Amino acid sequence: MALLKFNKQELVNLSYSLRREIICANKTGAYCNTSIIGCNTRRYHGLLAVTLDRFGGNKYVLLSSLDENILVNGAEFSLGIHCYGDIYEPRGHKYIVDFKEDPLPEITFKIGEVLIRKTLMLVPDEDRTIIRYELLESPSDAVIRLRPLLAFRDFHCLTSRNDLADTTAREIKGGATFRMYPDFPDLSLQVSGGKATYNHTPCWYYGVTYSDEYRRGFDCREDLMMPGFFQAPLKKGEPLYFSASVKEEKVNGIKTKFEKCLKAMPKVENGREQLVRAADILICNHNSRKKITAGFSWMYTGLLRETLIALPGLTLYGKNDPSEFEEILDNLIADEQERLYSRTTQVEAPLYMARTLQAYIDFGADPVAVWKKYGAVIRRILESYLPGVRKEVAMQPNGLLWAEMQGVALTWMNAYLHGWPVTPRAGYQVETNALWYNAICFALDMESSASRRNRQFISKWTSIRDLVRDNFTELFWNPRLRYLADYVDGAGQHMEVRPNQLYALAVKFSPVDEEMFPAVLRAVDAELMTTRGIRTLSPRDQMYRGVYDGMQEDRDLAYHQGSTRPFLLAPYAEVSFKVKGQSFLRTAVTLLENFYDDLGKHGVGSFSELYDGDPPHEPHGAISSALSVAALLTLDHHIEKYREESL
């Protein structure tokens, strides 16, 4: 039985089905993303979106959707569905009786005695989507008409009817190719079997509405060009294949490619296997340069902070692939020189490099080889935080890092409202300084054990390490409240209960005495812990927003002011196992299984960026998040480690 499955009652309920999305992504940087009933609800949705280097490496939606009409015994039935304002037309979802993903998304339609199955595939190593249509039951042969809706636009934008659009078609074997605007690649649409015809009848579909964008207060309507329709006979036992690609395919090769790729895809039978699969699609190999995509569909590929945090979980704990770990890390270092060594608006991001390498060594990498290869990177990162290098952050006489820039949020809590940061946190930030101390200690530990020690480096940074250690607790620890300040500025300690203090305990070299760990953990457990991750702010705080929904302003206020983050479960689990040991094991297992229970929500088969802080903790944000997937793989790694120790 398929792990991911929906029945007719769920599928025909639009309030239910439109909030559940399928995501297919491949190594070229392409993706296919829509709702489980095929109705696009976001501007990012499309059957084929590709990465185009000629336009700066952004993603572009070429084929938005495909409307299918079935003709049986002179009657015609439309299987498509679009939203126009408050109206859905056609309403093909009423014919859907089954959806499953095993391993590909499959939608089954029933029209009287006619049963048709539609299977979507994004080819793993090409900018190509193939859809297979099978006539499973019918009193007679049928005819299928396929009407493509073309967008040819940046995935962040919307388009409208315009005179610049080229609505012509060039006939190719089995179909036609289109190029709506100069410099775009051709979009080749082809049908297998050799009996398909293409009828060129271009027209615009006006005012297609994306309900999720409307609900959020964004621009939500666009015009899509329908160039014509393909028509082909559909017979029992003879599947039909539709291909959309940036290059022409041999018609008789479409079926072969689909079936070969399908055969190579492993079945997914449990949550752990689905978690590993989700990890794999977040690793892109565009132009043979592996990088991590922060999330689908709108997050970017190759981001510094997201890559450093997610890298061990995705490549080591998920795929057991140290070579991929190093390949991605090497590409990141080559691409992010400025942020690593000069300036960044996420001041803690470069300091994660030490934590990432520590995870690699703990996984089994040779410490000597790791330091030989990456030691210069760590040393240069540390030097960049000394006075006079970075404008946004610098070490102070007390050894700690002060970060401040007018009107700029300088940490991962970087939501803005009307151009101003919601949580600026200017001053000494607890997580930044914990990561700073950990990076210094890591560098000293590795340098001290190196075959050729840099004694000048050791002497210089030992004194800085001691300064940080001597001042960290005094600055951040509140003896009355018995937890760590989130940040400290000229006004003193800011004692909002936030999760950033977890990093002061989770890092390998903690600047906090271990006897303080239980008190900090109790504060987190009491006010931030949920069944779907760690809240970004305590519900007791007057700024707390427990639901991430509504218009842009409402979401921005909730983004770091109450919504939970699954990625924070990684440091939370590390701290909890340190403090509670084996007794935390059952809780850790339950936490992981909670996310497996949500595989049929939001992004079907993947793991969401965030959840509401309030019960029932509904998922939101990116439907497939690298940080969330990596954290759950990290949690699973810790669980297996402690299970082995208990044997």
Side-chain angles (χ1 to χ4, degrees), residues 275-276 278-279 281-283 292-296 298-301 303-318 328 332 346 348-349 351-353 355-356 358-359 411-415 423 429-432 434-435 486 498-507 524 528-537 548 558-577 588 591-592 594-596 598-599 602-603 606-613 617-639:
L275 186 56
V276 172
I281 72 168
L282 287 158
I283 297 173
I292 290 174
T293 298
F296 289 107
W298 56 85
M299 290 184 170
Y300 290 101
T301 298
L303 298 178
L304 177 62
R305 176 181 169 274
E306 285 75 4
T307 298
L308 287 175
I309 295 176
L311 186 56
L314 299 186
T315 60
L316 302 180
Y317 312 143
I328 293 171
L332 182 75
Q346 293 186 350
E348 83 283 12
L351 298 170
Y352 276 106
M353 181 69 71
R355 189 163 156 81
T356 301
Q358 287 169 322
T411 71
W412 72 278
M413 291 187 161
N414 58 355
T423 52
Q429 302 136 2
V430 65
E431 78 280 14
T432 302
L435 292 164
D486 186 57
R498 291 191 184 274
N500 300 303
Q501 59 187 313
L502 281 170
Y503 283 100
L505 284 59
V507 289
V524 172
L528 303 180
M529 182 61 192
T530 78
T531 59
R532 297 299 187 276
I534 311 300
R535 292 187 181 101
T536 46
L537 183 64
Y548 180 84
Y559 198 53
H560 300 113
Q561 303 278 63
S563 60
T564 82
R565 290 298 193 283
F567 90 86
L568 292 167
L569 286 173
Y572 172 78
E574 292 175 55
V575 175
S576 295
F577 276 120
L591 282 170
L592 186 59
N594 288 338
F595 286 91
Y596 293 158
D598 280 350
L599 280 171
H602 205 212
S606 197
F607 302 85
S608 302
E609 175 191 5
L610 58 94
Y611 285 74
D612 289 334
H617 307 299
E618 290 299 315
H620 298 282
I623 62 172
S624 180
S625 163
L627 292 180
S628 296
V629 171
L632 296 177
L633 284 164
T634 302
L635 181 59
D636 180 77
H637 174 74
H638 288 309
I639 289 170

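The model shown is predicted, which means the values in this text are computed figures rather than measured ones. The chain is numbered in sequence order, starting from 1.
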Can you measure from [atom1] ([X]) to [atom2] ([Y]) and round to the nearest 0.5 angstrom?
{"X": "Thr315", "Y": "Ile328", "atom1": "OG1", "atom2": "CD1", "value": "6.0 Å"}
{"X": "Phe577", "Y": "His638", "atom1": "CZ", "atom2": "NE2", "value": "7.5 Å"}
{"X": "Tyr611", "Y": "Thr530", "atom1": "OH", "atom2": "OG1", "value": "9.5 Å"}
{"X": "Leu627", "Y": "Arg565", "atom1": "CG", "atom2": "CZ", "value": "9.5 Å"}
{"X": "Leu311", "Y": "Leu332", "atom1": "CG", "atom2": "CG", "value": "8.0 Å"}
{"X": "Phe296", "Y": "Ile281", "atom1": "CZ", "atom2": "CD1", "value": "5.5 Å"}

Less than 4.0 Å between a side-chain N and a carboxylate O, is that true for Glu348 and Arg305?
->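 Glu348 and Arg305: salt-bridged.
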
Mark yes or no for whether [X], through its side chain, and [Y], through its backbone, hold a donor-acceptor pair below 3.5 Å.
{"X": "Thr564", "Y": "Arg532", "value": "yes"}
{"X": "Arg498", "Y": "Thr536", "value": "yes"}
{"X": "Ser563", "Y": "Ala558", "value": "yes"}
{"X": "Ser625", "Y": "Gly295", "value": "no"}
{"X": "Ser628", "Y": "Pro566", "value": "no"}

Got a sec, which residues hit ring pair (Phe, Tyr, Trp, His ring centres under 6.0 Å) with His617, two or more places apart in sequence or on another chain?
-> none

How far apart are the C-alpha atoms of Met529 and Ile534, what are their side-chain angles, what is the distance that settles it, and do they pass the side-chain contact (heavy atoms from CB on, under 4.5 Å) test?
-> CA-CA 5 Å; Met529 182 61 192; Ile534 311 300; 3.5 Å; yes

Side chains of Val629 and Ser606: does their closest heavy-atom pair fall under 4.5 Å?
-> yes

When the ring centroid of Trp412 is compared with that of Tyr352, is the distance short of 6.0 Å?
-> no

Tyr559 side chain to Glu609 side chain, donor-acceptor N/O pair below 3.5 angstrom |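 Yes, side-chain donor-acceptor contact under 3.5 Å.
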
Ignoring hydrogens and angles, state whether a donor on the side chain of His560 or Thr423 is under 3.5 Å from an acceptor on the partner side chain.
->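 No, no side-chain donor-acceptor contact under 3.5 Å.
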
Give the intermediate values and the outcome of side-chain contact (heavy atoms from CB on, under 4.5 Å) for residues Leu282 and Met299.
-> CA-CA 11 Å; Leu282 287 158; Met299 290 184 170; over 6 Å; no

Considering all heavy atoms of both residues, which atom of Phe607 and which atom of Phe595 are nearest to each other, and what is their separation?
->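 Closest heavy-atom pair between Phe607 and Phe595: CE2-O, 3.9 Å.
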
Grab the two heavy atoms, one from Leu592 and one from Leu632, that are nearest each other, plus how far apart they are.
-> CD1-O, 3.7 Å

Glu306: partners by salt bridge (charged side-chain N to carboxylate O under 4.0 Å, His left out), with sequence neighbours left out |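 Glu306: no salt bridge (charged side-chain N to carboxylate O under 4.0 Å, His left out) contacts found.
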
